[in-house]
Amino acid sequence: MSSDGSGRQPKYRRIAAELKAAIRSGRYGPGDRLPGENDLMAAHGVARMTARQALGVLQTEGLAEARKGAGVFVREFRLIRRRGIQRLAADVWGQGRSIWAADTEDREPVVEFLSVADEQAPSAIAAVLGLAEGARACVRRRRFLLDGKPVMLATSYLDAALTAGTAIAEPDSGPGGIYARLADLGRKPVRFREEVRSRMPAPEEADRLGLTSGTPVVLVCRTAYTADGHAVEVNEMTLDASAYVLEYEFDAP
């Protein structure tokens, strides 16, 4: 790995920092083409691999995207600010609003229902939901898009015996989504627990989210609980890490 004359950082990092500064200053705006590999090689006296790595940094950080045969461009997509606590307030879904729509402000979200099925609950999910081994789960799989771009995959698991014959077992669960329908059934969620981690995507995830090479995903696993502490839903979400800001605001205990 080459480094600059001072030895403080790799050359590709220095070039990437200069490009990011140019984006912040407005020299390159949303949709503008960035200098290509040949341009960077000539301007900085570096090898092609170094120039490629510099552009790769911007792509990995979600600032730029490669367009086949055209070059690397400043991303036009506006980041989604996912407010992890406020979005789950009962006055969001309780008033018929989608918690997903609460993330998107003035932008129009699209939800693709990939499938809704009655399946055997995975052992780990069954344990959380308090189901017997081999019990059935209502499994809802969706893909979420914003500005035409896929940004999240989500799979919800619920007790099939509870949801059978209800709107939860249908593609369109109605105003307020499944939490409002659970409330209708007397199983209103009042507490939530989320686990967050990150990894590189599986090939199928990268394909469904349209991820560029090197882009990681954020995994959020949310469990919804009733007032008596019973888990009524497990939702496993896979987020395009370059599309989201995860925000958590809360009072100190």
Side-chain angles (χ1 to χ4, degrees), residues 79-104 109 111 114 116 119-144 151-163 166-169 173-174 176-199 201-202 205 209 216-241 243-253:
L79 290 174
I80 303 166
R81 186 165 293 275
R82 183 184 188 273
R83 295 176 172 88
I85 295 175
Q86 295 91 330
R87 68 197 298 272
L88 292 171
D91 62 2
V92 173
W93 51 266
Q95 295 180 12
R97 296 171 59 202
S98 161
I99 61 175
W100 156 248
D103 293 338
T104 59
V111 181
L114 304 179
V116 181
E119 302 176 11
Q120 181 175 319
S123 296
I125 299 295
V128 174
L129 293 176
L131 304 179
E133 186 71 25
R136 310 296 291 181
C138 174
V139 184
R140 299 173 54 86
R141 295 183 175 88
R142 293 92 73 204
R143 182 169 72 158
F144 296 81
V151 294
M152 181 176 72
L153 306 172
T155 302
S156 290
Y157 299 88
L158 304 98
D159 180 358
L162 174 67
T163 62
T166 74
I168 296 174
S173 56
I178 60 177
Y179 293 158
R181 301 293 77 74
L182 286 169
D184 294 343
L185 294 170
R187 308 301 289 163
K188 176 182 176 180
V190 300
R191 183 170 64 88
F192 301 90
R193 179 175 183 267
E194 287 193 344
E195 296 180 348
V196 182
R197 63 189 180 95
S198 181
R199 61 165 167 75
E205 293 169 331
L209 290 172
V217 291
V218 174
L219 307 179
V220 180
C221 181
R222 181 175 68 238
T223 307
Y225 298 89
T226 60
D228 60 6
H230 182 75
V232 286
E233 182 224 21
V234 176
N235 189 351
E236 296 183 333
M237 293 160 275
T238 304
L239 286 61
D240 173 357
Y244 277 88
V245 174
L246 305 185
E247 178 182 305
Y248 295 90
E249 180 181 344
F250 47 86
D251 295 329

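All heavy atoms count here, side chains included; hydrogens, waters and symmetry mates do not.
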Given Ile168, Thr166, Thr163, the one that forms side-chain contact (heavy atoms from CB on, under 4.5 Å) with Ile178: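 For Ile178, the side-chain contact (heavy atoms from CB on, under 4.5 Å) check succeeds only for Ile168.
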Atom [atom1] of [X] and atom [atom2] of [Y]: how far apart are they, to the nearest 0.5 Å?
X: His230; Y: Tyr225; atom1: NE2; atom2: OH; result: 10.5 Å
X: Arg143; Y: Leu209; atom1: CZ; atom2: CG; result: 7.5 Å
X: Glu233; Y: Cys138; atom1: CD; atom2: SG; result: 10.0 Å
X: Thr155; Y: Arg140; atom1: OG1; atom2: CZ; result: 11.0 Å

Please name the pair of heavy atoms, one in [X] and one in [Y], separated by the smallest distance, quoted to 0.1 Å.
X: Leu239; Y: Val220; value: CD1-CG2, 4.2 Å
X: Leu129; Y: Ala231; value: CD2-O, 3.6 Å
X: Gly174; Y: Arg181; value: C-NH1, 3.4 Å
X: Leu131; Y: Arg136; value: CD1-O, 4.0 Å
X: Thr226; Y: Arg187; value: CG2-O, 3.6 Å

From CA spacing to verdict: side chain to side chain contact (heavy atoms under 4.5 Å, CB included), Tyr248, Val196: CA-CA 12 Å; Tyr248 295 90; Val196 182; 3.7 Å; yes
Listed partners of Glu205 passing side chain to side chain donor-acceptor pair (under 3.5 Å), at least two apart: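 Partners of Glu205 by the side chain to side chain donor-acceptor pair (under 3.5 Å) criterion, ordered by chain and then number, come out as Arg199.
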Contact check, side chains of Glu236 and Thr238, non-hydrogen atoms, under 4.5 Å: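 When only atoms from C-beta onward are counted, Thr238 and Glu236 do not touch, as no gap falls below 4.5 Å.
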Residue pair Leu182 / Pro189, side-chain heavy-atom distance below 4.5 Å: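 Yes - at least one pair of side-chain heavy atoms lies under 4.5 Å apart.
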Just distance, no hydrogens or angles: give the donor-acceptor pairs under 3.5 Å from side chains in residues 119-128, sequence neighbours left out.
residue, atom, partner, partner atom, Å
Glu119, OE1, Arg141, NH2, 3.2
Glu119, OE2, Arg141, NH1, 2.7
Ser123, OG, Glu133, OE2, 2.8

Full working for side chain to side chain contact (heavy atoms under 4.5 Å, CB included) between Arg142 and Asn235: CA-CA 11 Å; Arg142 293 92 73 204; Asn235 189 351; 3.8 Å; yes
